[in-house]
Amino acid sequence: MNRSLSLSALAGVALSAGAAMAHHGWSWAEADQIDLTGNITAISFAPPHPTLELDTADGGWRIELGNPNQTQRSGFVEGVVDVGDEITVRGNRSLDPDEKRLKAVRVIVSGKNYDIYPSRIVTN
């Protein structure tokens, strides 16, 4: 009985770890980066990842930032922007062309860079 419970618990941990890695990985995003400019329609700094909703010339986009600590270390914290502000975001878009979702590596507000994933930023 104990062995059966241990195996079940181990399987549950393994499945949870796999789901966490899939969520936190970059496999869902393209390698190439794009820049999006638009107005913020919603902001959330809540875990697991702060997000922005951005209204662009191409429609509405969901912008995923780093985890809360990483986003804070970049200096992009509550109060830096408000709903309605125009920003530019550089990042990797979803591999699904029908999904308007971007994993941000940099947020630009009034010419100031907030580098969320500095080592991942590709410059032209």
Side-chain angles (χ1 to χ4, degrees):
M1 176 80 165
N2 284 341
R3 179 175 156 81
S4 178
L5 285 174
S6 295
L7 289 175
S8 294
L10 183 60
V13 169
L15 288 173
S16 296
M21 290 299 288
H23 172 76
H24 289 93
W26 290 74
S27 62
W28 62 270
E30 292 182 354
D32 293 337
Q33 293 180 349
I34 62 170
D35 288 341
L36 288 175
T37 298
N39 294 86
I40 299 170
T41 59
I43 305 168
S44 171
F45 283 96
H49 291 284
T51 58
L52 302 170
E53 301 293 330
L54 200 60
D55 183 27
T56 72
D58 188 34
W61 283 75
R62 179 175 187 86
I63 311 301
E64 293 185 7
L65 305 173
N67 68 54
N69 289 333
Q70 189 169 17
T71 300
Q72 185 176 24
R73 278 193 303 270
S74 77
F76 192 75
V77 296
E78 289 185 67
V80 168
V81 293
D82 292 310
V83 170
D85 287 352
E86 183 177 89
I87 64 169
T88 299
V89 182
R90 173 169 287 176
N92 304 77
R93 73 170 291 160
S94 172
L95 289 169
D96 180 349
D98 295 327
E99 181 179 44
K100 292 183 179 178
R101 180 169 65 132
L102 184 90
K103 181 70 171 182
V105 295
R106 172 180 281 167
V107 178
I108 305 166
V109 180
S110 300
K112 180 171 172 55
N113 293 342
Y114 296 91
D115 294 340
I116 296 169
Y117 290 98
S119 65
R120 290 187 168 268
I121 297 169
V122 177
T123 56
N124 299 334

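Listed by chain and number, the residues in a salt bridge (Lys or Arg N to Asp or Glu O under 4.0 Å) with Glu99 are Arg101 (sequence neighbours excluded). For Asp98, the salt bridge (Lys or Arg N to Asp or Glu O under 4.0 Å) test picks out no residue, with sequence neighbours left out. Looking at residues two or more places apart in sequence or on another chain, you find a side chain to side chain donor-acceptor pair (under 3.5 Å) between Thr37 and Thr88. Under the salt bridge (Lys or Arg N to Asp or Glu O under 4.0 Å) criterion, Arg62 pairs with Glu53, sequence neighbours left out.
With rounding to the nearest 0.5 Å, the separation of NE2 in His49 from NZ in Lys103 is 4.5 Å. Taking CD1 of Ile43 as the start and CG of Asp85 as the end, the distance is 7.0 Å to the nearest 0.5 Å. For the atom pair OH of Tyr117 and CG of Leu65, the computed distance is 8.5 Å after rounding to the nearest 0.5 Å.
The shortest side-chain heavy-atom distance between Ile40 and Leu54 falls under the 4.5 Å cut-off. Counting heavy atoms from C-beta outward, Ile116 and Val105 have side chains that stay 4.5 Å or more apart.
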Checklist entry - Please walk me through it: do Ile63 and Val107 pass side chain to side chain contact (heavy atoms under 4.5 Å, CB included)? => result CA-CA 10 Å; Ile63 311 301; Val107 178; 5.7 Å; no
Next on the checklist: Assess the residue pair Asn113 and Ile108 against the criterion (side chain to side chain contact (heavy atoms under 4.5 Å, CB included)); give the C-alpha distance rounded to whole Å, side-chain angles, the decisive distance to 0.1 Å, and a yes or no.
Outcome noted: CA-CA 5 Å; Asn113 293 342; Ile108 305 166; 3.3 Å; yes
Item to check | Pair Leu102-Arg93, side chain to side chain contact (heavy atoms under 4.5 Å, CB included): steps then yes or no | outcome: CA-CA 4 Å; Leu102 184 90; Arg93 73 170 291 160; 4.0 Å; yes
Can you give me every donor-acceptor pair (side chain of residues 72-82, partner residue at least two apart or in another chain, under 3.5 Å) with its distance?
| residue | atom | partner | partner atom | Å |
| --- | --- | --- | --- | --- |
| Ser74 | OG | Thr71 | O | 2.6 |
| Ser74 | OG | Phe76 | N | 3.2 |

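The minimum heavy-atom distance between Pro50 and Gly66, with the atom names listed, is CD-O, 2.8 Å. Nearest heavy-atom pair across Asp35 and Arg90 is OD1-NE, 2.8 Å.
Evaluation of the salt bridge (charged side-chain N to carboxylate O under 4.0 Å, His left out) test over residues 104-119, restricted to residues two or more places apart or in two chains, returns Arg106-Asp115.
When atom types are taken as modelled, the side chain of Asp55 and the backbone of Gly38 share no donor-acceptor pair closer than 3.5 angstrom.
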